[in-house]
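Please read the structure below before turning to the comments.
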Amino acid sequence: MDDAMLSDQRELVEQIEAAGWDVTDLELSAYDSPWSDEDAPEATVTITARKPYESEEVERDDESEDETDDNPFRLK
């Protein structure tokens with residue numbers, strides 16, 4: 001793997017983290033391109049990141065309906 005690929009990988013991670021995401025996994029694969037006759041390698045980057053979002057509590061006049069709803073798939 002060449003230094004330019006690793007530098008690009010670091011730059012991508014920095015940009016994602018600057019946007020408020022937490023990078024949880026990263027895979028960089030370098031290979032010779034099957035699509036061109038050149039000897040220049042190519043790379044793919046797979047990044048897994050998470051970003052928690054705060055939920056906004058919306059007050060309702062109809063609180064009793066929410067309290068009696070037992071649906072486990074409904075967000076409260």
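All residue numbers refer to positions in the sequence shown, counting from 1.
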Requested in this report: Quick one: list whatever passes side-chain contact (heavy atoms from CB on, under 4.5 Å) with T46, sequence neighbours left out.
Outcome: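 Per chain and number, T46 pairs via side-chain contact (heavy atoms from CB on, under 4.5 Å) with E27.
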Requested in this report: Would you sort out whether L26 and Q9 count as a side chain to side chain contact (heavy atoms under 4.5 Å, CB included), showing the intermediate values?
Outcome: CA-CA 9 Å; L26 186 135; Q9 172 187 311; 3.2 Å; yes
Query - side chain to side chain contact (heavy atoms under 4.5 Å, CB included) assessment of M5 paired with L28 - result: CA-CA 8 Å; M5 287 180 198; L28 177 68; 4.2 Å; yes
Requested in this report: Please lay out, stage by stage, how V23 and I47 fare under the test side chain to side chain contact (heavy atoms under 4.5 Å, CB included).
Outcome: CA-CA 7 Å; V23 175; I47 299 173; 4.1 Å; yes
Report task. Would you name the heavy atoms of K51 and W21 that are closest together and state the gap between them? Result ->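 Closest heavy-atom pair between K51 and W21: CB-CE3, 3.3 Å.
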Requested in this report: Please test Y31 against T44 for side chain to side chain contact (heavy atoms under 4.5 Å, CB included), starting from the C-alpha separation and ending with a verdict.
Outcome: CA-CA 9 Å; Y31 53 90; T44 59; 3.2 Å; yes
Donor-acceptor pairs under 3.5 Å, side chain of residues 10-17 to any protein atom, not counting sequence neighbours: which ones?
residue	atom	partner	partner atom	Å
E11	OE2	Q15	NE2	3.2

Report task. Spell out, as yes or no, whether a donor-acceptor pair under 3.5 Å connects the side chain of T24 to the backbone of T48. Result -> yes
